[in-house]
Amino acid sequence: MATEDKNRATAAAILPLVGGAANVSSVVHCMTRLRLGLHDRSLVDDEALKALPAVMGVVEDDTYQIVLGPGTVARVTPEFEKLVAEGRAAAPEPATAAEPAAATDAATTAAELAAQGAAIKAARKAKNATPFKLFLRKIANIFVPLIPALIGCGIIAGLNGLLKNLGWLTSVTPALGAMASGFMALIAVFVGYNTAKEFGGTPILGGAVAAIIVFPGVADIEAFGQKLSPGQGGVLGALGAAVLAVYVEKWCRRWVPEALDVLVTPTLTVLISGLVTIFGLMYVAGEVSTAIGDFANWLLSNGGAGAGLVLGGFFLPLVMLGLHQALIPIHTTLIEQQGYTVLLPILAMAGAGQVGAALAVYLRLPRNESIRRTIKSALPAGLLGVGEPLIYGVSLPLGRPFITACVGGAFGGAFVGFFNQLGSAVGSTAIGPSGWALFPLLDGNHGLGTTIAIYAGGLLVGYLAGFVATYFFGFSKDLLTEFNVSQEPAASTVAATGTPATPVTDPAPEPARA
């Protein structure tokens, strides 16, 4: 089957399981997830979605998120959007009920884990619906659309650096440098555009005000007794400038007569926001950005292994609390200042701990075919940094393995942090990828070979520490007694419901794996 047909088949399999086209209010995607806005959450068949070959897992947050993995999600989303548009045109009435999907052969143990994982996600969503965390989600929504460009330009920058070090293709490297640096030179404009869009303003006005920050002519302007520099304040300045522009624009919409709105509102928005940006925000944001860079370097230069231990060990709990989104502008600021973020490779060790823990669970539960199948299917994605299937399908519902996985991430982070303290900085030129997928984006101050070796060593330490901690300390006797059992589907159903299982035939072939 052609790739396009596979992607369309995957989209076609997903659509009815989320309530049909009429139940879908919005469709976007990030690096790994198809993010859907839904009118009625009760129309979604979670278990049938998880059973689809292309689906690695589901996450319920402010949007309903279907984990498809990097690459796949970017190809499935356009097909899904086409099907939604076609479905709305053909049948505009909303669906009234979700069709039950074919029963799967999962054992009771896997079903119980899935139910526990869903309960944990629901509880986490409720806790995360605070004003502060909703604000962090807005910040994340500003920067997530920039990730593909950061990755593409980051890989080109790495290739260009390699060619320069080798002295190859000297006539091509300037062009590659321009490609790698062009986006970063104007990233403030894109941040301003997305910020205005997210906060309910006119996106182009947010971009126009943020563009002031990178305009070369600001070098002739003096603020707080100092000459300004183009780009001073960076993405933080652009963020603040665009938010200010949104509030000025909304004020103008309320008070400016409609007849004059088209002329007065844009002018006042750019004028007022621009003056505040030039004579205030650029300086303040520049000082904050410099402080962030200095603190990150100081933390790893002096804290070393200890700082890495804390960052690698507590990253997954931060994710569970929704606080990890606060790190996105920090990463972007570091990339803008130094060319790479030294924090991401350490935080990526959390995923390594998950992989090691999953391998230990696989060996500790030799009789539980259902959990072992889940691990085997989710492990490749985990190695590439997509950890949701392992987290929500295995370690988090089991309890202790999630903690021991964090221990693995702590040891991996300590390894990378130790080398940072010795003077070998390991960074990433973009945000988004993790695990093995981060290798093409690595950069540092002591050559690519050294950087790759340190990061690979950190992954191995994370795998090993997560495995050892989980194998020896991840299971109580009661947990082993409960889960290390062989259960056939029929027996599982009797145990769970008290009634014999009813065979169900699959009404249609499964879609091809995307």
Side-chain angles (χ1 to χ4, degrees), residues 25-28 35 37 39 62-63 129-146 149 183 185-224 226-289 325-326 328-329 332-333 336:
S25 61
S26 64
V27 182
V28 295
R35 297 171 179 254
H39 295 296
D62 53 327
T63 56
T130 64
F132 176 67
K133 291 174 183 176
L134 291 174
F135 172 76
L136 291 182
R137 285 181 195 157
K138 283 184 176 289
I139 299 300
N141 291 339
I142 292 166
F143 288 93
V144 165
L146 306 180
F183 173 73
L186 296 174
I187 190 172
V189 179
F190 296 101
V191 169
Y193 184 95
N194 287 348
T195 300
K197 181 179 179 181
E198 186 64 27
F199 281 84
T202 302
I204 198 65
L205 290 179
V209 174
I212 297 169
I213 293 173
V214 296
F215 178 61
V218 297
D220 299 326
I221 302 172
E222 192 173 290
F224 294 95
Q226 298 180 14
K227 287 280 189 180
L228 295 176
S229 301
Q232 185 174 339
V235 295
L236 297 182
L239 183 66
V243 169
L244 176 62
V246 169
Y247 281 101
V248 172
E249 181 187 359
K250 289 181 177 179
W251 182 86
C252 291
R253 300 290 183 200
R254 285 198 302 268
W255 295 102
V256 174
E258 290 185 9
L260 301 175
D261 181 73
V262 69
L263 296 175
V264 175
T265 297
T267 304
L268 288 179
T269 298
V270 176
L271 179 63
I272 297 172
S273 305
L275 288 172
V276 174
T277 298
I278 292 171
F279 293 105
L281 281 177
M282 284 186 67
Y283 176 82
V284 174
E287 293 299 305
V288 173
S289 299
Q325 295 166 338
I328 296 177
T332 309
T333 297
E336 192 177 35

Sequence neighbours excluded, the answer for side chain to side chain donor-acceptor pair (under 3.5 Å) partners of T333 is none
Can you see which heavy atom on [X] is nearest to which on [Y], and at what distance?
X	Y	result
A210	A188	CB-O, 3.2 Å
G274	I212	CA-CD1, 3.5 Å
A241	T277	CB-OG1, 3.3 Å
E336	V235	OE1-N, 3.2 Å
G233	S289	O-OG, 3.4 Å
I213	G237	CD1-C, 3.4 Å

Can you sort out the partners of [X] under side-chain contact (heavy atoms from CB on, under 4.5 Å), two or more places apart, ordered by chain and number?
X	answer
V248	L244, C252, T269, I272, S273
Y283	F224, Q226, Q232, E287
V28	R35

Residues pairing under salt bridge (Lys or Arg N to Asp or Glu O under 4.0 Å) where one sits in residues 238-249, two or more places apart or in two chains, turn out to be E249-R253
So the salt bridge (Lys or Arg N to Asp or Glu O under 4.0 Å) pairs with at least one residue in residues 200-218 (sequence neighbours excluded) are none
So CG of L268 and CG of L263: to nearest 0.5 Å the spacing works out to 10.5 Å
Between the CG atom in L260 and the CH2 atom in W255, the distance rounded to the nearest 0.5 Å is 15.5 Å
*Look at atom CD of E222 and say whether more than 12 heavy atoms of other residues, nucleotides or ligands are closer to it than 6.0 Å.*
yes
Exercise. Would you indicate whether F183, at its atom CZ, is surrounded by more than 12 heavy atoms from other residues, nucleotides or ligands within a distance under 6.0 Å?
Key: yes
Side chains of I139 and L239, heavy atoms from C-beta outward: is any pair under 4.5 Å?
yes
Run the side-chain donor-acceptor check on residues 191-200: report pairs under 3.5 Å with partners two or more places apart or on a different chain.
unit_1: N194; atom_1: ND2; unit_2: I142; atom_2: O; d: 3.0
unit_1: T195; atom_1: OG1; unit_2: V191; atom_2: O; d: 2.6
unit_1: E198; atom_1: OE2; unit_2: N141; atom_2: ND2; d: 3.2

